Amino acid sequence: MEVIICPDADEVGRVAAAKVGQVCAAASRPVLGLATGSSPLAIYRHLQLMVGEGRLDLGRASAFALDEYVGLDPAHPESYRSVIHRTVTEPLGLDPDRVHVPDGSAEDLEQAAAGYDRAIAEAGGVDVQILGIGSNGHIGFNEPTSSFASRTRIKTLTQRTRLDNQRFFDSLEDVPTHCLTQGLGTIMDARHVVLVAQGEAKAQAVAATVEGPVTALVPASVLQFHQRATVVVDELAASRLQLGDYYREVYAGKPAWQRFA
Ligand code: F6R
C-alpha cells in the first residue's frame, strides 16, 4: 500500500485527484468508481479544475457509484443518485447516461444488485475506485464482518454509520437502515484504488487499515491485498500511524517517474 500524508484536507484532494487523473489519462474510455460522503468532495473539486483547465479529458468516461440507500426516494437530495449528480456528474461534465448508481428503490433488490455487477463488468471493470472510509473501517457500506468475497448486495447499516450520516438528514429516524453496496470483492476488482481520509475521527480506522491485521472487523484492511492501493490522508487522519515518518520519507524520495502530483 502506498501511504501519502498531506499537510491538510485540500492537499489530500489535490494529490488524490492527480492520481485519479493519471489513471484516467492512460485509459481510452476511463471507468471511474465514485464514493459519496464528505471525504471525496475535495477530489471532485480538483478534478473539476483539471477538466476546466484542459488538463484532463473525461469526455469518454463512465462511472459507477459504490452504494445507495434502500427505500429513499431517488429524488431526495441525500439519495446518492442526487448527491453524485450534484457533486460529480454536473461539475465534471460527465455524460449522465454513463453515470450509474445502484437502484435502491428497485422492486427486486437482489436482481438490481446482480445487474449492477454485470454492468460494471460489461463496461470493462473500474479503472480507479475512489474510496472514503467509515469511522468503523467500512468501505462502500461494507460494515464490519462483511465477506471479503462479497459482491454488490443489500446490507444493514450499523447504528454507528447511521449516527455518522445523521448530519445529512433532519433526524436519526430519517437515516435509512439498509443500502445496496458494492461488495469488498467488487471493490477489490478495480485496477487501482485511492482511499482518502481527513480528520482525527478517521485516525484509528486508517491505522487499523494500513498497519493492523487483515480482518473482517476492519473491512478496509482487505486493501492490504490490493496490488495498487493508494491511501492519501491529512496529518490528523495519519496521527495514529506507527510508521508515519517512513511514509513521509518514501514519498519525499520518490523518483520522478513514480510521481503523479
Ligand atoms: C460513501 C461510502 C462510505 C463513505 C464513508 C465515509 O459512498 O461508500 O464508505 O465513504 O462512510 O463517509 P464520509 O466521507 O462522509 O466521512
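Atoms within each ligand, like the ligands themselves, are counted from 1 in listed order. Because the structure is a prediction, the values reported are computed rather than measured.
A salt bridge links E235 and R248; the closest N-O separation between the charged side-chain nitrogens and carboxylate oxygens is under 4.0 Å. Residues E2 and K19 are not paired through a salt bridge, judged by the lack of any N-O separation under 4.0 Å between the basic side chain and the carboxylate. In this structure, R151 pairs ionically with D189, as a charged nitrogen and a carboxylate oxygen lie closer than 4.0 Å.
In terms of protein heavy-atom proximity, atom 9 (O) of ligand 1 is nearest to G140 O, 2.7 Å. For atom 1 (C) of ligand 1, the closest non-hydrogen atom of the protein is T36 OG1, 3.1 Å. Among all protein heavy atoms, the one lying closest to atom 16 (O) of ligand 1 is K202 NZ, 2.7 Å. For atom 6 (C) of ligand 1, the closest non-hydrogen atom on the protein side is I133 O, 3.4 Å. Ranking protein heavy atoms by distance to atom 10 (O) of ligand 1, first place goes to G132 CA, 3.4 Å. The single protein non-hydrogen atom nearest to atom 2 (C) of ligand 1 is D67 OD2, 3.4 Å, given as residue, atom name and distance. Residue, atom and distance of the protein heavy atom nearest to atom 14 (O) of ligand 1 are S39 OG, 2.4 Å. Scanning all protein heavy atoms for the shortest distance to atom 5 (C) of ligand 1 gives H138 NE2, 3.4 Å.
Between Y80 and ligand 1, not a single N/O pair is under 3.5 Å apart. Looking at N165 next to ligand 1, no N or O pair under 3.5 Å apart turns up. Remark: ligand 1 and L66 share no N or O pair separated by less than 3.5 Å (distance only, no angle test).
The heavy-atom pair separating C24 from L56 by the smallest distance is CB-CD1, 4.1 Å.
Annotation for E53: atom CD counts as buried by contact number, over 12 foreign heavy atoms lying within 6.0 Å. Atom CG of D170 sits in a sparse spot, with 12 or fewer heavy atoms from other residues, nucleotides or ligands closer than 6.0 Å.
In this structure, the ring of F169 has its center less than 6.0 angstrom from the ring center of H76.
Set against the non-hydrogen atoms of R167, the atoms of ligand 1 under 4.0 Å away are 13 (P), 15 (O), 16 (O). The contact set between ligand 1 and S38, taken as ligand atoms under 4.0 Å from a residue heavy atom, comprises 13 (P), 14 (O), 15 (O).
Of the heavy atoms in Q198, none comes closer than 4.0 Å to ligand 1.
In this structure, Q182 has no heavy atom closer than 4.0 Å to ligand 1.
Ring geometry for H100 against F64 counts as parallel: the plane angle stays under 30°, on a 0 to 90° scale with 60° as the upper cut.
T181 places no side-chain N or O within donor-acceptor distance of the main-chain N or O of D67, the cut-off being under 3.5 Å.
Of the candidates R160, Q204, K202, S135 forms a side-chain hydrogen bond (donor to acceptor under 3.5 Å, both in side chains) with just one, namely R160.
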